[in-house]
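Pasting a structure below so you can have a look.
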Amino acid sequence: MIDLLAVSAEAEVFGRTVSLFEEADFHLPPGRYALLSRTPEYHKSIVDVLAGLRKPSRGRVAITGAISWPIGRSTLVRGKSTGLDLVNLVADLYDLDRGYAGDLVTMMVSRPDYMAEPLERWPPPARQEFTFALGLIPEFDIYVIDAPIPYEESRFTRLWQALFEERLVGKTLILSSLRQKQMLDYCAKGLIYERATLSIDHDLEQCIERFPARPAREMLAVTSGVGGYDDSEVLF
Amino acid sequence: MAGNEDRIAKWRERREAERAAREAHGDLPTELALVASRAEALATGDSEDPEPIFALVIDVLRRLPSGSIAERRALFDAVARGVERGIDKADPHSDYAELRRRQLRTIIRLVEADARAGLAIAELGYRPASFEDALEPLLKGYLRRRKISEETAASQARRQAILAGEAYTIAVPAEEEADLDFLRERIALLDATRGPRSGRHDRPDLRAVLALLNYQFVLLKSESRLALAWTLVGPAVLMGLLSTAYLLTGIHSILNMDVPTFAMIGATSWFMLRNVIFRTTASFFSQRTMLTFRAFNPALIGITQGMIYMLSYVPVYLVLIIVGHIAGLFTLPDNIPGVVFWIGCIGLTGLAIGTIFGSISVVWPYFPRFAPVIERALQIVSSVILVTEQLPMDYRPYLLWSPLAHAMQLLRSAYFEGYKSEDAVPQYFFIGFGLLVIAAVIAQRSVRPRAVPL
């Protein structure tokens, strides 16, 4: 359960400071939600606010229960630390057994030989698998996913999806993905960001038609000015 | 007798087949009705193999008395009619029915083309030259369509389960079942052995601090060996420069402090301070990925990074003092707890300054470029090169405004038995340090809305 209490927040999007929320009050009950809007480029910042990672400039975000980090972001997998170092960090952070956590991730990913290598040397597919595998280590009450869920036909995809479905039973999910099929596969409702606030729409199929994940080029041509969006038309 | 009975049984069987064929295809002559009846089985199974269709077509063609185009067409029509009836009876998936129709049409086209070209299609071993090339795409297309159909059906089932609030089970191939069971077991063990959950999730607790400290230590170990060696070499170089300057001017002792040890303790402490400041400042930006975890905030990341580098100077001090003493260069500390305390105070001051610098860098990313300039200026007024007692009274305030000058002189007071600083005031340092900490807390809190994960 997430509550936005008179939240105002700003974010820098494509080099411009934009207002994400203005005195927004919102209650998100448990459920499975696909984040949709006419401005997908704001989704990362919105997810940061909902996940408690971006402190609002005014107001408060109250999160009831354990919430995951935005699972799937590749930026987590970088630097000189190894995959096992990051697994150990997650295990330590959530008071979990390092050995079991290491076993889980190592057994699941396609390239376990990379686990002891510095993350900066990993190929992108291995990074993607790793970021999603990490998300299965702790049990959360609210899962936040900010990337396309693995979908390529592979052993990892099948195992991850099977385990994630089991993890997800009775839990809340907020999914920010460009893949509409995944929204339908994992979510029941639409979490709509419009006019600097959030709302819930129970007809997800209709929401997906209203808010395509990738706005058509014609729409971009109409709404964007030189170097960015025309806020008056796109934001509010 | 047995041969006669077999013949009678076969005759009865044939009569039965003819009767069934006439019932099913009564408008066709008996021979064609039999062909159509045989063809029904081609679409009632689940085989995707075109060979049975080809075999049937060739078999019935061989029985043709003359082999005219009209006769072949009648036979082909009969086979097609049989396949359609088979489809009607078995009601297979529409994609499969379409595959069998297309395979039949393609085989008929190939055989008819060869027959018109004068090839001996009735001979044993006959096979159209482009048989595989023509039929393989049909099978591939069918498999593709079937996969899409299965996925669509699975998606619909999944959607229904989600809307009904039910768990949906993802099937995995049999060879991956064992892996899945192993992973399930690991997840169950992880959940079972998890300690009690913290009540607060929105602020760092001791567990988060320890986890981050441990991670920072791992990062320190992954640094290049040259960079780690520099923690030892850097102070040695500054110490060498300071000592040389003093010794060249004929000064071997400064207020009862021997020059090499005086230079070593000043240079090493300053290098530790600057390293703590720079590392703390840099981690506000370089380790933004850690902000992905809600338990961490920029100040915590910076401070743990600075603390790890502060601790890395413990072996540096030990090596320099012990090896230097054995080599006859340095004297040993007089008051070890006092030395440790003031080195700790200088390091903590570095953490506070680093947090302020790091907070500024969140708003103004260019700021860290000025950090070395500020650090050099601070070095001059922080009693690294000389202590205030060496200066005339009028010049001492130029150094003594800096709390770090007080800390550095108090450190030397603790280290050397023969030197007790007259100018350094512990209270002054603590007030300055307290103000820095307050400024750091305010700075880091004020930039929190702008400090976001990478």
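Numbered from 1 within each chain, the chains take letters A, B, ... in sequence-line order. Computed over heavy atoms, backbone and side chain alike; hydrogens, waters and symmetry mates excluded.
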Side-chain donor or acceptor of A:W69 paired with backbone N/O of B:R294 under 3.5 Å: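 Side chain of A:W69 to backbone of B:R294, a donor-acceptor pair under 3.5 Å: no, none is there.
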Please say whether the positively charged group of A:R32, taken as NZ for Lys or CZ for Arg, lies over the ring of A:Y186, i.e. under 6.0 angstrom from the six-membered ring centre and within 45 degrees of the axis.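 Judged by the rule (NZ or CZ under 6.0 Å from the ring centre, within 45° of its axis), A:R32 is not positioned above A:Y186.
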State the OG1-CZ distance between B:T152 and B:R159, to the nearest 0.5 angstrom.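 The CZ atom of B:R159 is 14.5 Å from OG1 of B:T152, to the nearest 0.5 Å.
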A:K189 versus chain B, heavy atoms under 4.5 Å apart: side chain, backbone, both or neither?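 No part of A:K189 comes within 4.5 Å of chain B.
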Consider only side-chain N and O atoms of B:T292 and B:T289, and report whether a donor and an acceptor are under 3.5 Å apart.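 B:T289 and B:T292 do not have a side-chain donor-acceptor pair below 3.5 Å.
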Given a strict heavy-atom distance threshold of 4.5 Å, which part of A:R98 is in contact with chain B: side chain, backbone, both, or neither?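 Only the side chain of A:R98 comes within 4.5 Å of chain B.
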Note: B:E98-B:R145 ion pair, threshold 4.0 Å (strictly below):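 A salt bridge is absent here (no side-chain N lies under 4.0 Å from a carboxylate O).
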Are A:D146 and A:R73 close enough for a salt bridge, meaning some N to O gap below 4.0 Å?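 Yes, this pair counts.
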Against chain B, work out which of A:V61, A:D103, A:D97 has the most heavy-atom pairs shorter than 4.5 Å and name it.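 Heavy-atom pairs under 4.5 Å are most numerous for A:D103.
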Tell me, for B:L180 versus chain A, whether the close heavy atoms (under 4.5 Å) come from the side chain, the backbone, both or neither.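 Contact with chain A is through both the backbone and side chain of B:L180.
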Option in A:L89, A:V169, A:L96 with maximal non-hydrogen atom pairs under 4.5 Å from chain B: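 Maximum pair count with chain B is reached by A:L89.
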Measuring heavy-atom distances to chain A, does B:S286 have an atom under 4.5 Å in its side chain, in its backbone, in both, or in neither?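 It is the backbone, since no side chain atom gets that close.
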Name the option with the most non-hydrogen atom pairs under 4.5 Å to chain B; the candidates are A:M107, A:K181, A:Q161.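 Option with the top pair count is A:M107.
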Which answer fits A:A51, side chain, backbone, both or neither, if we ask what part of it has an atom under 4.5 Å from a heavy atom of chain B?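 Backbone only.
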Does NZ or CZ of A:R16 fall inside the cone over A:F14's six-membered ring, less than 6.0 Å from its centre and within 45° of the axis?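 Ring-cation test returns no.
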Using modelled atom types and a 3.5 Å cut-off, is there a donor and acceptor pairing between side-chain atoms of B:R186 and backbone atoms of A:L104?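 No.
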Looking at B:L212, B:D179, B:L210, B:L219, which has the largest count of heavy-atom pairs under 4.5 Å with chain A?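 Of the options given, most contacts go to B:D179.
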Contacting region of A:V90 [heavy-atom separation from chain B under 4.5 Å]: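 It is the side chain, since no backbone atom gets that close.
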Partner chain B: residue of A:L76, A:T75, A:D185 with the largest heavy-atom pair count (under 4.5 Å):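 Top count of heavy-atom pairs under 4.5 Å with chain B: A:D185.
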Decide whether B:S149 and B:D95 meet the rule of one side-chain donor and one side-chain acceptor closer than 3.5 Å.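 Yes, B:D95 and B:S149 have a side-chain donor paired with an acceptor closer than 3.5 Å.
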Can you tell me which portion of A:F164 sits under 4.5 Å from chain B's heavy atoms? Options are side chain, backbone, both or neither.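 When you check distances to chain B, no heavy atom of A:F164 falls under 4.5 Å.
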Region of A:R155 that comes under 4.5 Å of a non-hydrogen atom in chain B: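 Looking at A:R155, backbone and side chain both touch chain B.
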Against chain A, label B:A161 side chain, backbone, both or neither, depending on which of its atoms sit under 4.5 Å from a heavy atom there.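 The answer is neither part of B:A161.
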Can a side-chain donor-acceptor contact be found between A:D92 and B:Y215 if the only test is distance below 3.5 angstrom?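 No, A:D92 and B:Y215 have no side-chain donor paired with an acceptor closer than 3.5 Å.
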Can you tell which of B:L190, B:L291, B:V172 has the highest number of heavy-atom pairs within less than 4.5 Å of chain A?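 Max contact count across the listed options: B:L190.
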Could you tell me which portion of A:D48 (side chain, backbone, both or neither) has an atom closer than 4.5 angstrom to a non-hydrogen atom of chain B?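 Interface part for A:D48: side chain.
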So for A:I137, is it side chain, backbone, both, or neither that comes closer than 4.5 Å to the heavy atoms of chain B?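 For A:I137, backbone and side chain are both near chain B.
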Does B:R194 come within less than 4.0 Å of A:E139, counting only side-chain N to carboxylate O?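 Result for this pair is no, no salt bridge flagged.
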